[in-house]
Structure formats: C-alpha cells, structure tokens
Enquirer: 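Questions regarding the structure given below will be posed in turn.
Numbers here are sequence positions counted from 1. All heavy atoms count here, side chains included; hydrogens, waters and symmetry mates do not.
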Amino acid sequence: MADPYQNNVYQQGGDNTYSTFGDGGGRSQEGYGYRSDYPPQDDDVASDATEGHDEEDEMYEGEYQGIPHPEEVKAAQRVARAAARDKAKAAAGAREVEELADQYEAIMEDCGHGRFQWTLFVVTGLALMADGVECFVVGFVLPSAEKDMCLSNANKGMLGLIVYLGMMVGAFVLGGLADKLGRRKCLIIALDINCVFTFLSSFAQGYGFFIFFRLISGIGIGGTVPIVYSYFSEFLSKEKRGEHLCWLCMFWMVGGLYASFTAWGIIPHYGWGFSMGTEFQFHSWRVFVLVCALPAVAALVGLAFMPESPRFLLENGKHDEAWMILKKVHDTNWRAKGEPERVFTVSQIKTPKQEDEFIEIQSSTGTAFQRWMVRSLTLTKQVLKNVISLASPELRLSSLFMAIIWFTMAFSYYGLSVWFPDMIKYLQYEEYESKVKIFHREKVEHFTFNFSLENQIHKEGEYINDKFTNIEIKSVKFEDSLFEDCYFENIKSTETFFENCTIRSTIFYNTDLFEDKFIDCKLENTSFLHPKKGCHLDSQEENDVLIYLVSFLGSLAVLPGNIISALFMDKIGRVKMIGGSMLISAGCTFFLFLSFSQAAIIAWQCLFCGASVAAWNGIEVITVELYPTSKRTTAFGMLNALCKLAAILGSSIFASFIGITKVVPILLSFSALVCGGLLAFKLPDTREKLLL
C-alpha cells in the first residue's frame, strides 16, 4: 500500500506550497521543491557569502528560504502514520464489538427466556426494592428519632439529606467499579455495606454515630441501582429487554409499599423494644430500621446462587467462564420448558482484544501491600479513564442530553415528594393553630393541675401555691405570667415555653422543663431537681398514621403507570414514553394550585406519581441501551449520582417554601419537566439497538 503521506504539502505565509520528496517534484509556480538531480556543489566552489558557515547555519538559512528541515518532515510523517494506525485500530475494535454484539444477541435468543431470567428477576428486584425502602426510612423514623436523640431542626434537615448524599457517592464509585470488577461482585459489596451499616445504625444511640452509619449505608444502597439494571439487561434478548426492565422497575414501588406498611405496623407500637437504664434505648423505630434491611439480606442470599454477567466476562476476555454461564442459562431454560435434549451449539464466542494488562503484570511482584497499591492505583486510573470517555465525540451529545433529563426529572420528582407530606403537615398545623385556646389574666391559687394541657396560650396569669403533677403539656405557652410557690412534678412536655415570666420559690422535680424552655424569664429561688434525661416521645400524637397512608397511596399509585409502560415500552418507543410522560406530569403540577385541603393534596400526589413513573422507567431503559458494556454501569452511576444531587437540591428548595408560597415550587417543577420532556424527543430510539 502506498504511503498516503508521500506527497505531503506544507504551507508558509500566503499560498506558497512546497512538495516533498516527489520524483517529479521540480519547482512549482509558487514554491521550491527538493529534486533528486539537484547539482551538488564542491567545497572549493563555495561562494564567499557562505564561506566559514557551518551546517547549522545552512539549516537556518534553508528555513529562512521556506524550506522545511528533512527531520521535521520525517517527524510529521511518523505522527501521521501513528494516527492512521490508531484510527484503523479503533475501526477494527468497533467491528469486533459489533460482531460480539451480534453473536451475543443470537446466543441469548437461542438460550430463550425462562426460569433463569425469572429467578434473576426476583433476585435483582429484591436489591432494587432495598433501594426503594432506603428512600423512605428516614422520613418515617424522623418524628421518633428526633425525640429519642433530641434533634434540632438543623440536625433533622441534615439527617434527611445525608442518605441522598451517600447514594450519590455510592452510585458514582460502585457504578464505575462494576465495569472493571464485575456486576455480581460489586452488587454483593454494595448490599453487604448496606446491611452491615443499617444494622449498626439501628443500635446507634448518639446523633453523630447514627448519621455516619446512615451515610455509609446510603453509599452501599446507592451502588445497587446502576448495577442492577445493567446486570439484568445483559441476560435479556433485544425483544424482551424493554418490557422486562420495566417490570423490574416495579420492585422500587414494592419497596415503598413495604416501607409504608411496616412503618405503619411497627413504629406506633412504642413498647416494641427494650432499654438498659437511661443510656441505651431500643424503641420501635429502631426495630423498623432493622426490618428495612430484610430485602437487602434476601437479595444477598439470592446472589450467592447467581453467576457473573457473561457479557461482562466476554468484554474482559474471559471466554471460557462466559461460555459455561451461557450454557447454564440455556440448559436451565430448556429443561424447565420440557426440552432437556436441546444442545448448546455455540463453541466459540468473539472476544475483543484486551488492553488493561498492567494490573496483571504488577500483581506477580513485590510485597502484598505493594501489589494492593498497584491494583488500587491502576483500578482508579481505569475507572477515571472510563468516566472521561463518556465525553468522547460519539457519546458526548447523548451524555449531555441524558444528564439534563435525569436532573430535571429528579429535581421535580424528589422535590414534590418532600413538598406533598410537608404541605399536609402544614395544613394540619394550621388547623391545629386555629383551635388554640387563649386565657387572659387568669388567677389560680392552691389548685392541683392533674390533667393534661394542650394547645393553649396563657397571658398575664397568676399561679400562686399551685401543683402541676403527673401531666403532659403539649403546645402550651405562658406569657408575662407569675408562678409563686408552685411545684412541678413528673412533667412531660412538647413545644411548651415560658416567655417573660417571673418564677419565684418554685420547684421542678423530675420534669423535662429545662432552662431553654424559659425565654427572658426571671427565676428567683427556683430549683430543678432530678431532671429527666433524653427527650419525650408521645407515641400516639407524634406518629400520625396519615403520613404512612400518604406514602402508601403514593407508592401504590404508580402501579398503573408501571403496567402501561411495561406493555407499551417496545410498541411506542423509549423516547416517546419519556417525553410524553414528563409533559403529562408537568401538566399535573398545575392542579396543585387547587390543593386547598389534605384530601386534594393526596389526590394530586397520586396523579403525579402515576404519570411520572413511565418517564422513570423509560429513562432507566434507554440509559442501559445507549452505552457500551465497558461503560454501561459507569454511565448509569454518573447519571444516577446526578439524580441524587438533584434530589438534594429539589427537596431543600421545595421545603423552604412551605408555609410561604406554593407558586415557586409548582413553577419550578413545571419548568424542569417541560424542559426535560422536550429534550427527550432529541434522544435516539434504541428499541432495535443491540447491547454493544
């Protein structure tokens, strides 16, 4: 083959060109050329102008005349030949990947869809269910945990966001590792982390340990989502992929139902626990945290009997292992269908050429620590290289579109998921406030209060020689009042304050009324004896069953959307499913302007969740199909991490407008959904695309 760079042309200045090393180079109209028959000059006939000049001076003189140095020409040719080799190598690699994708699709069609896929469906579904449960845990335990651990409003807010932060980290890290270490291995690691730290968090007594364990637990469960979809999809043929990935999405809904139902059944039973003195308390909400780990434990048990993804093994050159697994899938399915005589006829499977061999070479030398360091550093470099490759020219536009769609969908969905229950609580609070009883200038002497006080305001009262014993005081405020020679014993209080009061010769015995409850008060000859430690938990009032009901109905409302998306995903396509669902969801947000009651909010929440779930299913399916096997979980992990970032921002922003205005949250969610929905129509349709 002729050298394509033989007649390379070089430019200088305007349009002057110089041909190089051609047989007929000659001198062109506008430039100078090197000629093989150029007459040589003898040393003794050199002109006086060049006498005494060395060869280097002659080189610069040639450059001044516009003639490139021969070494520069050779270097340019070497670079061009290397670029051509790289291009040819990339084209050959692309052909290998396409050939493998075609052959793998044919093998999966020959294996059929049967018992093996349904077993894996349940196992991966349990892992996805664990993720759904994790999203609800903190919201359910917070009313109880804030009392057990005396949490401030800032601490409560951080506890609500810390799980999403952990999920964001886990999706990015474990998603990237799954493309290098394997789907099954990383999924087991993720579920192990979640189970261990969920168990530890249920026993943590202090806020610091509890939030740390929830963070690490979130890292574990965050890594499951990108791995589960990639893992399951690589055992599906093209015609089954869209439908069955949508059925798999239903397990997230099942996780929400499971969390709501178990919280409803466990947390209000405050007696379901034990204590060891005042330092260790294990109340019912901690039992609920333990029960929420059961789906992850069940998934771990199931994964012990599941193989690695053969598509991942082939991508990493492990032909024999992949062949054995594919044969197992084939034989399992056909035996279950009553055709055990069917033979797996594939003898050789195409495997792409491997490039990442450095880790294997270094592993055979050095100490154990050195080998571990080499493996870790090499693995980190490979993962980061994979992340950077998502911005390559062939993936750049798709990655940008997917990032925007994931972000806008998560921002609206998670923001409204927080806004709905908080608005219900706010309406409850407003209704409660409207029933407050106000007492002006009451004077009570020598009286014993042995009944509970609730939702009251006492202004400018006088309480002389009174007793407050064995009672609960909830949402009571004393303003500009006088307490003289009073006695408080065994008091449990919630949202109770004394403001600008004068308290003289009064004893507080075995109460939870601390100094922070007395705002700008004068305390004269007042004693606090045997104060209660910890925080009071009113199990009947604090655990409102309406919150569990709202979450249960919101999770159940997605069932019709899940069924519709599964049945029509392959018929109308992923793009139309995503775009249509997001635009319909945007329309649903405008009904929130009509949400003047708790019932209306619950109804609009169910409508929004049912309409938006089809978009979620389509987004997850198309994310799996857009990216090649070597980058699939990395890309899914990056996008899912972005999703969790949007969840943090959305829930924080939307919650900040509770009680102020509902216009801003509605307009923000509408704008985000419309933007993402319209952009979704620009995505390529992947219905007929093979998994590369």
Enquirer: Would you say the side-chain atoms of Ser481 pair up with the backbone N or O of Gly461, donor to acceptor, closer than 3.5 Å?
Expert: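 It does hold such a pair.
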
Enquirer: Just how far is it from atom CG of Leu549 to atom CD of Gln598, taken to the nearest 0.5 Å?
Expert: 11.0 Å

Enquirer: If we only count heavy atoms from C-beta on, is the Gln456 to Val436 side-chain gap below 4.5 Å?
Expert: no

Enquirer: Does Phe681, at its CZ atom, have more than 12 non-hydrogen atoms belonging to other residues, nucleotides or ligands within less than 6.0 Å?
Expert: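 Yes, the 6.0 Å shell around CZ holds more than 12 heavy atoms from other groups.
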
Enquirer: Quick one: are Cys135 and Met167 in side-chain contact, heavy atoms under 4.5 Å?
Expert: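 SC-SC contact between Cys135 and Met167 confirmed.
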
Enquirer: Looking only at heavy atoms, what is the nearest atom pair of Cys609 and Gly554, with distance?
Expert: CB-O, 3.7 Å

Enquirer: With distance as the sole test, does Ser434 use its side chain to make a donor-acceptor pair with the main-chain N or O of Glu431 at under 3.5 Å?
Expert: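 A pair under 3.5 Å: yes.
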
Enquirer: Does atom CZ (Phe518) have a neighbourhood of more than 12 heavy atoms from anything else shown, all under 6.0 Å?
Expert: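 For Phe518, atom CZ is crowded (more than 12 foreign heavy atoms under 6.0 Å).
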
Enquirer: Would you say Phe636 and Val225 make side-chain contact, with heavy atoms under 4.5 Å?
Expert: yes

Enquirer: Take Val558 and Met250, measure what side-chain contact (heavy atoms from CB on, under 4.5 Å) needs, and give me the verdict at the end.
Expert: CA-CA 9 Å; Val558 307; Met250 290 186 66; over 6 Å; no

Enquirer: Quick check against the 3.5 Å criterion: does Ser412 have a side-chain atom that pairs as donor or acceptor with the backbone of Ser669?
Expert: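 Checked: pair present.
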
Enquirer: To the nearest 0.5 Å, how far apart are CG in Asp570 and OG in Ser565?
Expert: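 So the CG of Asp570 and the OG of Ser565 are separated by 11.0 Å.
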
Enquirer: Apply side-chain hydrogen bond (donor to acceptor under 3.5 Å, both in side chains) to the pair Thr633 and Ser230, showing each step before the final yes or no.
Expert: CA-CA 6 Å; Thr633 58; Ser230 301; 5.4 Å; no

Enquirer: Would you tell me whether Asn562 and Asn617 have side-chain atoms, one donor and one acceptor, within less than 3.5 Å of each other?
Expert: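 Their side chains do contain a donor-acceptor pair, which is all the 3.5 Å distance test asks for.
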
Enquirer: Verify the distance criterion only: is there a donor paired with an acceptor across the side chains of Trp247 and Glu243 at less than 3.5 Å?
Expert: yes

Enquirer: Using the rule side-chain hydrogen bond (donor to acceptor under 3.5 Å, both in side chains), only one of Trp252, Tyr229, Trp406 pairs with Glu620; which is it?
Expert: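 Only one option passes, and that is Tyr229.
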
Enquirer: Is any NZ, NE, NH1 or NH2 atom of the basic residue among Arg214 and Glu134 found under 4.0 Å from an Asp or Glu carboxylate oxygen of the other?
Expert: yes

Enquirer: Kindly compute the distance separating OG1 (Thr589) from CD1 (Ile666), expressed to the nearest 0.5 Å.
Expert: 7.0 Å

Enquirer: In the structure I gave you, are the side-chain heavy atoms of Arg286 and Gln205 within less than 4.5 Å of one another anywhere?
Expert: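 Counting from C-beta outward, Arg286 and Gln205 do come under 4.5 Å.
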
Enquirer: Donor-acceptor pair, Ser260 side chain versus Leu257 backbone, under 3.5 Å?
Expert: no

Enquirer: Ignoring hydrogens and geometry, is there a side-chain-to-backbone donor-acceptor pair from Thr496 to Ile473 under 3.5 Å?
Expert: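 Answer holds: yes.
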
Enquirer: Ring centres under 6.0 Å, that's the criterion: do Phe199 and Phe203 meet it?
Expert: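 Under 6.0 Å, so yes.
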
Enquirer: Start with the C-alpha gap between Leu165 and Lys644, add the side-chain angles, then the distance that decides, and say whether side-chain contact (heavy atoms from CB on, under 4.5 Å) holds.
Expert: CA-CA 7 Å; Leu165 180 62; Lys644 296 305 183 287; over 6 Å; no

Enquirer: Hey, could you give me the CD1/CG distance between Ile622 and Leu683, rounded to the nearest 0.5 Å?
Expert: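 CG of Leu683 is found 4.5 Å from CD1 of Ile622.
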
Enquirer: Taking it one step at a time, do Lys474 and Asn455 satisfy side-chain contact (heavy atoms from CB on, under 4.5 Å)?
Expert: CA-CA 6 Å; Lys474 180 180 180 182; Asn455 198 19; over 6 Å; no

Enquirer: Could you check whether any side-chain N or O of Trp604 sits under 3.5 Å from a backbone N or O of Leu592, counting only pairs where one atom can act as donor and the other as acceptor?
Expert: no

Enquirer: Could you point out which residue of Phe439, Phe498, Phe497 forms a ring pair (Phe, Tyr, Trp, His ring centres under 6.0 Å) with Phe478?
Expert: Phe498

Enquirer: Could you please spell out the steps behind the salt bridge (Lys or Arg N to Asp or Glu O under 4.0 Å) verdict for Arg574 and Glu625?
Expert: CA-CA 10 Å; Arg574 289 77 162 124; Glu625 296 173 334; 2.6 Å; yes

Enquirer: Between Lys477 and Glu495, is there a salt bridge with N-O shorter than 4.0 Å?
Expert: no

Enquirer: Please check: side-chain N/O of Ser671 versus main-chain N/O of Leu668, any donor-acceptor pairing under 3.5 Å?
Expert: no

Enquirer: Given the rule in the side-chain contact (heavy atoms from CB on, under 4.5 Å) test, do Phe197 and Ile219 qualify, once you have shown the distances and angles that lead to the verdict?
Expert: CA-CA 10 Å; Phe197 285 93; Ile219 291 176; over 6 Å; no

Enquirer: Kindly indicate, with the supporting measurements, whether the criterion ring pair (Phe, Tyr, Trp, His ring centres under 6.0 Å) is fulfilled by Phe121 and Trp118.
Expert: CA-CA 5 Å; Phe121 172 78; Trp118 285 114; 5.4 Å; yes

Enquirer: Going by atom types alone, do His458 and Glu442 pair a side-chain donor with an acceptor below 3.5 Å?
Expert: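 Note: His458 and Glu442 side chains meet the donor-acceptor criterion.
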
Enquirer: Where is the tightest heavy-atom contact between Asp480 and Cys501, given as atom of each residue plus distance?
Expert: N-SG, 3.9 Å

Enquirer: For a ring pair (Phe, Tyr, Trp, His ring centres under 6.0 Å) check, start with the C-alpha distance between Phe140 and Tyr548, then their side-chain angles and the critical distance, and finish with the verdict.
Expert: CA-CA 8 Å; Phe140 288 144; Tyr548 307 134; 5.5 Å; yes

Enquirer: Do Phe657 and Lys662 come within less than 4.5 Å of each other through their side chains, counting heavy atoms only?
Expert: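 No. Closest side-chain heavy atoms not under 4.5 Å.
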
Enquirer: Are any non-hydrogen side-chain atoms of Ile424 and Phe420 less than 4.5 angstrom apart?
Expert: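 SC-SC contact between Ile424 and Phe420 ruled out.
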
Enquirer: Out of curiosity, Met402 CE to Leu642 CG, how far, rounded to the nearest 0.5 Å?
Expert: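 The distance works out to 10.5 Å.
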
Enquirer: Checking Asp512 side chain against Ser493 main chain: does a donor-acceptor pair fall under 3.5 Å?
Expert: yes

Enquirer: If I compare all heavy atoms of Leu126 with all of Phe251, which pair ends up nearest, and what's the gap?
Expert: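 Closest approach of Leu126 to Phe251: N-CD2, 4.1 Å.
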
Enquirer: Between the side chains of Tyr432 and Gln428, does any donor sit under 3.5 Å from an acceptor?
Expert: no

Enquirer: Are there over 12 heavy-atom neighbours, none belonging to Phe209, within less than 6.0 Å of that residue's CZ?
Expert: no

Enquirer: So, for Lys571 and Leu567, which heavy atoms are closest and what is the spacing to 0.1 Å?
Expert: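 Between these two residues, the closest heavy atoms are NZ-O, 3.3 Å.
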
Enquirer: Looking only at heavy atoms, what is the nearest atom pair of Ala680 and Ile578, with distance?
Expert: CB-CG2, 3.7 Å

Enquirer: Using the ring pair (Phe, Tyr, Trp, His ring centres under 6.0 Å) rule, pick out the option among Phe411, Tyr414, Trp419 that qualifies with Phe654.
Expert: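 Exactly one candidate clears the test, Phe411.
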
Enquirer: Does Tyr627 have any ring pair (Phe, Tyr, Trp, His ring centres under 6.0 Å) partners at least two apart in sequence or in another chain, and if so, which?
Expert: none

Enquirer: In Å, rounded to the nearest 0.5 Å, how long is the span from NZ of Lys435 to CD of Glu430?
Expert: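 That separation rounds to 13.0 Å.
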
Enquirer: Would the distance check show the side chain of Ser651 and the main-chain N or O of Ile648 forming a donor-acceptor pair, the cut-off being under 3.5 Å?
Expert: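 Side chain of Ser651 to backbone of Ile648: a pair is present.
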
Enquirer: Testing the basics here: between Met129 and Pro295, what is the closest heavy-atom pair and its distance to 0.1 Å?
Expert: CE-CG, 3.9 Å

Enquirer: Do Val624 and Arg632 come close enough that some side-chain heavy atom pair is under 4.5 Å?
Expert: yes

Enquirer: Strictly by modelled atom types, are Ser217 and Asn194 linked by a side-chain donor-acceptor pair under 3.5 Å?
Expert: yes

Enquirer: Do the side chain of Ser652 and the main chain of Leu649 share a donor and acceptor less than 3.5 angstrom apart?
Expert: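 A pair under 3.5 Å: no.
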
Enquirer: Can you check whether Phe210 and Trp285 have ring centres sitting under 6.0 Å from each other?
Expert: yes

